[in-house]
Novice: 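Here it is, the structure in full.
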Amino acid sequence: MPFQKYERPLNRFDEVVDRWRRVRRDGGVAAFSAAVAIATHTLFPLLRWMQRRRIDRGETIWLDDLPGPAPTQTFSELPLVPADLTPNPGKVRRKARHMKVEYPPMAYPFAYRQPPISGNTINGLGETTPRRAHHVFFGDAYKRAWGKLDWYFQIMEPTAIHRIIVRMFWQDRRRVGPVARQSTITMPPDEAAAQIKALARQRGAALVGITPLTENLCYHDFDPPFAYAIAIAIPMDREEMLHTPSERSNREIMRTYLDVNRVAIEVAEQIRKMGWPAQASTNLAPDSSVEVLHVPVAIQAGLGQLGKHGSMITPEYGSNVRLATVLTDMPLAIDQPRDIGVDDFCATCRICETNCPPHAISPEKQMVRGMERWYVNFDKCAPYFAETRGCGICIEVCPWSEPGRGPSMVKTLLERRGQRSSAV
């Protein structure tokens, strides 16, 4: 369902047009969700059975030959460096004794005959000039360069997970919609921001922040027609996630995505009722997951900082959260990025590095699209992620994710930094 922003209607005719657009969209979402629901109980089990038979026979699953959508994405402006899916060498040392399951081996049953362009090249690893990010994995009808690995990942997901995805697709019909003709908000931006944050928390958000929506927070092919982004975070159940990677943790990840998407959708709906354009930018749905970069949005909105493992670290929940975003034109007071000492900690901590089976986590910051930042090797991470149904080892072994530990870590790290500055 292509993106088209709903503006505040100027007259009755505009209202009728917007309602008709909504009816047509609902019909399209219903048809799409029904098709996915049917495939969930017919096509996907058949394809999964076929691939498992091949795995049991010891055959290689050539991703290029998988029946299904064919990637069409090209990068004429980038060097055509083929991806290398081979894990980096090194021994996995289990420093995090609290993890509940053994890490699956890195014996992938799949391979490429013709590897796609390296995900690191797409992400801009080593580039010194700033540019906007390209979408690499998830969504967009598997047409991206890595679409075949994404397709394999979806084929091998159990039916229970596909049912949650269908619920997400159907839920997403409400992420956009008509705007009330008259604005009911006359309060200043700081009061409006406080009201929206309170609404989000009332609906289930644990963390909420607001930032201006700029191009660098959006994917390459999404031009942001909104002024603000509202970042929303909900924590995952820690006990369930200590079983990562497993079907148990996979269910918890998807359950949390469903929940955080719901909160973003309900907040967007309420803002539209107040007379301001708004839409939820959620996860996994084909037309929503290729809009904004949720982690950079959340960092700019003050929810946390980027960690060595490539995920955001919050003081309250570490990296054990899932994100969604609300885009709006409603005038809101913005939050500022927070320095909680993550860089100081990650510079010397190696727990996520040594616990990562394919050793995809860089020990030092890398230059990525003109900015020095923590980076995870996409070509090494993505295959293990796909084979383990959504690996989350790095975010659960991270000391910040231990419940209740973050605030004291922030205090200690910032105090140490202040002492070093005083000594100099």
Novice: Would you mind reporting whether Y257 and T282 have side-chain heavy atoms less than 4.5 Å apart?
Specialist: no
Novice: Applying side chain to side chain contact (heavy atoms under 4.5 Å, CB included), run through E7 and V179 and close with a yes or a no.
Specialist: CA-CA 6 Å; E7 300 280 3; V179 181; over 6 Å; no
Novice: Looking only at atom types and distance, does a side-chain atom of S33 sit under 3.5 Å from a main-chain N or O of A30, one as donor and one as acceptor?
Specialist: no
Novice: Output every pair passing salt bridge (Lys or Arg N to Asp or Glu O under 4.0 Å) with a member in residues 74-84, not counting sequence neighbours, ordered by first then second residue.
Specialist: D84-K380
Novice: Ignoring hydrogens, what is the shortest heavy-atom contact between S118 and W146? Give both atom names and the distance.
Specialist: C-NE1, 4.2 Å
Novice: Show the nearest heavy-atom pair for residues V297 and A229, with the distance to one decimal.
Specialist: CG1-CB, 3.9 Å
Novice: Look up atom NE2 in H162 and atom CD in Q154, then write down how far apart they are to the nearest 0.5 Å.
Specialist: 5.5 Å
Novice: Quick one: CD1 on I351 to CD on E396, what's the gap to the nearest 0.5 Å?
Specialist: 13.0 Å
Novice: Between the side chain of D379 and the main-chain N/O of L85, is any donor-acceptor distance below 3.5 Å?
Specialist: no
Novice: Where do L78 and T121 come nearest, in terms of heavy atoms and distance?
Specialist: CD1-O, 3.8 Å
Novice: Run the side chain to side chain contact (heavy atoms under 4.5 Å, CB included) check on E247 and H243 step by step: do they pass?
Specialist: CA-CA 9 Å; E247 288 192 12; H243 290 81; over 6 Å; no
Novice: Any carboxylate oxygen within less than 4.0 angstrom of a Lys/Arg side-chain nitrogen, looking at E269 and R174?
Specialist: yes
Novice: Scan side-chain atoms only and decide if Q51 and Y152 contain a donor-acceptor pair under the 3.5 Å cut-off.
Specialist: no
Novice: Are the side chains of D150 and F153 in contact, using a 4.5 Å heavy-atom criterion?
Specialist: yes
Novice: Let's go through D339 and R417 carefully: what are the C-alpha distance in whole Å and the side-chain angles of both, what is the deciding distance for salt bridge (charged side-chain N to carboxylate O under 4.0 Å, His left out) to 0.1 Å, and is it a yes or a no?
Specialist: CA-CA 12 Å; D339 183 357; R417 184 191 296 171; 2.5 Å; yes
Novice: Within the 4.5 Å heavy-atom criterion, are P104 and P245 side-chain neighbours or not?
Specialist: yes
Novice: Does Q279 use its side chain to pair, donor to acceptor, with the backbone of V176 at less than 3.5 Å?
Specialist: no
Novice: Tell me whether D259 is salt-bridged to R167, with the criterion being a basic N under 4.0 Å from an acidic carboxylate O.
Specialist: no
Novice: Less than 4.5 Å apart, any side-chain heavy atom of M99 and any of V397?
Specialist: yes
Novice: Would you mind reporting whether T314 and Q305 have side-chain heavy atoms less than 4.5 Å apart?
Specialist: no
Novice: Passes side chain to side chain contact (heavy atoms under 4.5 Å, CB included), L125 versus F378? Steps please.
Specialist: CA-CA 10 Å; L125 179 63; F378 183 90; over 6 Å; no
Novice: Looking only at heavy atoms, which two atoms of P82 and P115 are closest? And how far apart?
Specialist: CB-CB, 4.3 Å
Novice: Checking R8 against W276: charged group under 6.0 Å from the ring centre and within 45 degrees of the axis?
Specialist: yes
Novice: Within the side chain of R132, is there an N or O that forms a donor-acceptor pair under 3.5 Å with the backbone of L217?
Specialist: no
Novice: If you draw a 6.0 Å radius around CE in M371, do more than 12 non-hydrogen atoms from other residues or ligands fall strictly inside?
Specialist: no
Novice: Do the charged groups of R131 and E127 touch, with an N to O distance under 4.0 Å?
Specialist: yes
Novice: Could you check whether E266 pairs with R175 (Lys NZ or Arg NE/NH1/NH2 to Asp/Glu carboxylate O, under 4.0 Å)?
Specialist: no
Novice: Classify the side-chain pair H294/T325 by whether it contains a donor and acceptor separated by less than 3.5 Å.
Specialist: yes
Novice: Nearest 0.5 angstrom please: I164 CD1 to Q171 CD, how far?
Specialist: 11.5 Å
Novice: Main chain of A278, side chain of R272: is a donor-acceptor contact present, judged purely on distance under 3.5 Å?
Specialist: yes
Novice: Would you please classify the geometry between the H220 ring and the H134 ring as parallel, tilted or perpendicular, with 30° and 60° separating the classes?
Specialist: tilted
Novice: Could D26 and R21 be called an ion pair, given the rule that one side-chain N must be under 4.0 Å from one carboxylate O?
Specialist: no
Novice: Please confirm whether the backbone N or O of C391 pairs with a side-chain atom of T244, one donor and one acceptor, at under 3.5 Å?
Specialist: no
Novice: Do T159 and H41 have side-chain heavy atoms sitting under 4.5 Å apart?
Specialist: yes
Novice: So, R144 side chain and P71 main chain: donor-acceptor pair closer than 3.5 Å or not?
Specialist: no
Novice: Side-chain contact test, heavy atoms from C-beta onward, threshold under 4.5 Å: evaluate it for M168 versus N261 and give yes or no.
Specialist: yes
Novice: Would you give the length of the straight line joining atom CG of D344 to atom SG of C349, rounded to the nearest 0.5 angstrom?
Specialist: 12.5 Å
Novice: Should D237 and R251 be marked as a salt bridge (charged side-chain N to carboxylate O under 4.0 Å, His left out) after you check the CA-CA gap, both sets of side-chain angles, and the distance that decides it?
Specialist: CA-CA 11 Å; D237 185 288; R251 286 194 301 271; over 6 Å; no
Novice: Evaluate the criterion side chain to side chain contact (heavy atoms under 4.5 Å, CB included) for residue pair F137 and F385; output intermediate values, then yes/no.
Specialist: CA-CA 11 Å; F137 204 69; F385 178 93; 4.2 Å; yes
Novice: Are the side chain of K148 and the backbone N or O of L66 linked by a donor-acceptor pair below 3.5 Å?
Specialist: yes
Novice: Do side-chain atoms of Y228 reach the backbone of I334 as a donor and acceptor pair under 3.5 angstrom?
Specialist: no
Novice: For D343, check salt bridge (charged side-chain N to carboxylate O under 4.0 Å, His left out) against everything at least two apart and list the hits.
Specialist: K365
Novice: Mind listing the closest non-hydrogen atom pair of Y219 and V292 along with its distance?
Specialist: CE1-O, 3.6 Å
Novice: Can a donor-acceptor pair be found, under 3.5 Å and without considering hydrogens, that links the side chain of T328 to the backbone of M330?
Specialist: yes
Novice: Compare all side-chain heavy atoms of D335 with those of T211 and state whether any distance is below 4.5 angstrom.
Specialist: no
Novice: Kindly compute the distance separating CG (L63) from CH2 (W151), expressed to the nearest 0.5 Å.
Specialist: 13.0 Å
Novice: Among pairs that include at least one residue of residues 302-329, which meet salt bridge (Lys or Arg N to Asp or Glu O under 4.0 Å), considering only residues two or more places apart or in two chains?
Specialist: K5-D329, K308-E353, E316-R338
Novice: Which heavy atom in D18 sits nearest to a heavy atom in P9, and how many Å separate them?
Specialist: OD2-CB, 4.3 Å
Novice: Would you find more than 12 non-hydrogen atoms of other residues, nucleotides or ligands less than 6.0 Å from E239 atom CD?
Specialist: yes
Novice: Will you find, in the side chains of N377 and N120, an N or O donor that is under 3.5 Å from an N or O acceptor?
Specialist: yes
Novice: Looking at CD1 of I155 and CG of L47, how far apart are the two atoms once the value is rounded to the nearest 0.5 Å?
Specialist: 4.5 Å
